[in-house]
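Notes for the one structure printed next.
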Amino acid sequence: MPTVLRKYGIRFHFYGSDMDEPPHIHASGHGGAAKVWLSPISIAEQSGFKASDLRRILEVANEHRSEFLEAWDEFFRSLS
């Protein structure tokens with residue numbers, strides 16, 4: 001489960017088992033967990049995050065979208 005970024009106490013990562021899904025990033029920290037689609041940026045699911053944390057997660061996903069997509073492609077290309 002590669003960590004792509006840590007920001008604001010939140011870890012942005014993905015799981016190797018996510019290969020058959022559209023590109024997304026997982027966010028965990030502050031007692032919460034979320035899955036964020038990267039095209040378009042949106043919350044797929046979440047639990048335990050405050051609304052302010054979710055806004056911040058979406059801001060980070062928008063800011064680092066290219067980096068997340070590049071990491072996704074690189075990681076899953078290496079598995080095939």
Side-chain angles (χ1 to χ4, degrees):
M1 117 175 85
T3 297
V4 182
L5 179 71
R6 288 182 191 272
K7 194 166 187 175
Y8 306 121
I10 298 170
R11 182 171 154 252
F12 294 85
H13 58 95
F14 46 83
Y15 298 99
S17 61
D18 290 346
M19 158 185 282
D20 294 327
E21 295 188 47
H24 61 276
I25 198 82
H26 292 267
S28 56
H30 302 266
K35 177 177 171 180
V36 180
W37 298 123
L38 295 175
S39 294
I41 300 286
S42 62
I43 300 290
E45 55 190 59
Q46 77 89 21
S47 65
F49 278 121
K50 297 177 186 176
S52 58
D53 288 326
L54 291 173
R55 281 191 299 276
R56 183 164 271 174
I57 288 167
L58 289 173
E59 288 172 9
V60 171
N62 273 307
E63 181 182 343
H64 294 276
R65 182 178 179 270
S66 295
E67 178 184 347
F68 292 161
L69 287 169
E70 185 177 316
W72 176 278
D73 289 341
E74 184 177 307
F75 180 76
F76 288 111
R77 187 176 29 246
S78 74
L79 295 181
S80 44

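Below, all heavy atoms of this structure are taken into account, side chains as well, without hydrogens, waters or symmetry copies. Computed from a prediction, not measured in an experiment: that's the story for all the values here.
Contact annotation: the side chain of Asp18 approaches that of Phe76 to within less than 4.5 Å [non-hydrogen atoms, C-beta and beyond]. In this structure, Lys7 and Arg56 have side chains that are not in contact, with every pair of non-hydrogen atoms separated by 4.5 Å or more. Put simply, the side chain of Lys35 does not reach to within 4.5 Å of the side chain of Ile43, judged on heavy atoms. Looking at Leu5 and Val60, their side chains come closer than 4.5 Å, going by heavy atoms from C-beta outward.
The minimum heavy-atom distance linking His24 with Phe14 is given by the pair O-CB, 4.3 Å. The nearest pair of heavy atoms linking Ala27 to Phe12 is CB-CE2, 3.9 Å. Between Glu67 and Val4 the shortest heavy-atom distance is OE2-O, 3.6 Å. The minimum heavy-atom distance between Glu21 and Trp37, with the atom names listed, is OE1-CH2, 3.7 Å. Summarising the geometry of Arg65 relative to Leu38, their closest heavy-atom pair is NE-O, 2.7 Å, with the distance given to 0.1 Å. Contact detail for Pro23 and Leu69: the closest heavy-atom pair is CB-CD2, 3.6 Å.
At most 12 heavy atoms of other shown residues, nucleotides or ligands fall within 6.0 angstrom of atom CD in Glu70.
Taking the six-membered ring where the residue is Trp, the centroids of Phe68 and Trp72 are separated by 6.0 Å or more.
We find the CD1-CD1 distance between Ile41 and Ile25 to be 9.5 Å, quoted to the nearest 0.5 Å. With rounding to the nearest 0.5 Å, the separation of CD1 in Ile57 from CD1 in Ile10 is 4.0 Å.
Taking Phe49 as the reference, nothing meets the ring pair (Phe, Tyr, Trp, His ring centres under 6.0 Å) condition, with sequence neighbours excluded. Under the rule for a ring pair (Phe, Tyr, Trp, His ring centres under 6.0 Å), the partners of His13 that lie at least two apart in sequence or sit in another chain are Tyr15, His26.
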